[in-house]
Amino acid sequence: MFWLIVATLCSSFVKGICGFADGLVFTTILSFSINNIDISPLELMIASPGNVIIAWKERKNLDWKVCLPIVTLVLLGDIPGIFLLKNVDARIIKVIFGVIIIGMAVEMLFREKAKKRGRQSGLGLTVIGLLSGILCGLYGIGALLAAYMDRVTEDSHSFKGNLCFVFSVECTFRIIVYSCVGILTWSVFSQAVLMIPVMLLGLALGIKSSSRFDEKFTKKLVMIILMLSGAALIVNNLG
């Protein structure tokens, strides 16, 4: 329970500051002791209210031309991701997860330095959307989607609003599917409900801090931590 509280507080705090990476932080902290099949539904139930809160807070910055197409693709990618989560060996998932963490952290780090924005090609949108859905279905993380949103939005408010709207729709879809296939159980739901006050506290602290902290520094720090954690996951599960 202690590590669940730590994971919830840290991930929701990061969510409040950056608008994303909460799934990565939550799963990274718990992956050393819990299988992904158990982590993903927990993270889903705990994170869902935070997505709705941020999307509502930034509702004036929503761009439907940006978020609606990517929502459709993410939902399509969710289906194979959920199937893999239920049927693939947990150690293999953890190794893949470690590689994904490192790759995403490096990509976001270089993207932050390059500061490039622009409309993605239709093919690029399709690939990113489907892969994002697969990763969400498997791990409950949307960092690849965040990397795309960073390219096509103009500021942090638009970035957080559009991203969290997509997450809100995707999380609702996964809650329904997880329940139907038996991944989301009453035990998981009960644990998640107990963590909601912790999530709200972390989210509130993150949102309040986002206007005071150097957001660029915070993002880079999160990326470094994720790279180290990803490497540790790979080493611990290859033996």
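Side chains included, hydrogens not; waters and symmetry mates left out as well; all remaining heavy atoms used. Quick caveat, the model's predicted, so the values are computed rather than measured. For reference, positions follow the sequence shown, starting with 1.
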Flag side-chain contact, heavy atom, 4.5 Å: [X] against [Y]:
{"X": "F189", "Y": "P41", "result": "no"}
{"X": "V66", "Y": "F165", "result": "no"}
{"X": "P197", "Y": "L201", "result": "no"}
{"X": "L4", "Y": "T8", "result": "yes"}
{"X": "E58", "Y": "S158", "result": "no"}
{"X": "N51", "Y": "V166", "result": "no"}
{"X": "I70", "Y": "N162", "result": "no"}
{"X": "Y178", "Y": "I176", "result": "no"}

Do [X] and [Y] sit in one hydrophobic cluster, given that two such residues count as connected whenever their side-chain heavy atoms are within less than 4.5 Å of each other, even indirectly?
{"X": "V52", "Y": "L44", "value": "no"}
{"X": "L200", "Y": "I17", "value": "yes"}
{"X": "W64", "Y": "I54", "value": "yes"}

For [X] and [Y], work out which heavy atoms get closest and say how close.
{"X": "L30", "Y": "A7", "result": "CG-CB, 3.9 Å"}
{"X": "A47", "Y": "D22", "result": "CB-OD2, 3.6 Å"}
{"X": "S209", "Y": "F13", "result": "OG-CE1, 3.7 Å"}
{"X": "L9", "Y": "S12", "result": "O-OG, 3.1 Å"}

To the closest 0.5 Å, what do you measure between [atom1] ([X]) and [atom2] ([Y])?
{"X": "S168", "Y": "W56", "atom1": "OG", "atom2": "CH2", "answer": "12.0 Å"}
{"X": "L73", "Y": "L68", "atom1": "CG", "atom2": "CG", "answer": "11.5 Å"}
{"X": "L42", "Y": "T27", "atom1": "CG", "atom2": "OG1", "answer": "10.0 Å"}
{"X": "E43", "Y": "S11", "atom1": "CD", "atom2": "OG", "answer": "7.0 Å"}
{"X": "I175", "Y": "M45", "atom1": "CD1", "atom2": "CE", "answer": "4.5 Å"}
{"X": "L75", "Y": "E170", "atom1": "CG", "atom2": "CD", "answer": "7.0 Å"}

Item to check | Side-chain donor-acceptor pair present, N61, K160, cut-off under 3.5 Å | outcome: no
Next on the checklist: Keeping R174 on the side-chain end and C171 on the backbone end, is there a donor-acceptor pair under 3.5 Å?
Outcome noted: no
Checklist entry - Where do L203 and I53 land on the side-chain contact (heavy atoms from CB on, under 4.5 Å) test, with the steps shown first? => result CA-CA 9 Å; L203 188 69; I53 290 171; 3.9 Å; yes
Item to check | Chi angles and distances behind the side-chain contact (heavy atoms from CB on, under 4.5 Å) call for V6, W3 | outcome: CA-CA 5 Å; V6 171; W3 286 112; 4.1 Å; yes
Checklist entry - side-chain contact (heavy atoms from CB on, under 4.5 Å) between K57 and C164: does it pass, once the steps are laid out? => result CA-CA 10 Å; K57 182 176 180 293; C164 288; over 6 Å; no
Item to check | side-chain contact (heavy atoms from CB on, under 4.5 Å) between F173 and V177, worked out | outcome: CA-CA 6 Å; F173 176 78; V177 177; 3.7 Å; yes
Checklist entry - Centroid-to-centroid, F167 to F20, below 6.0 Å? => result no
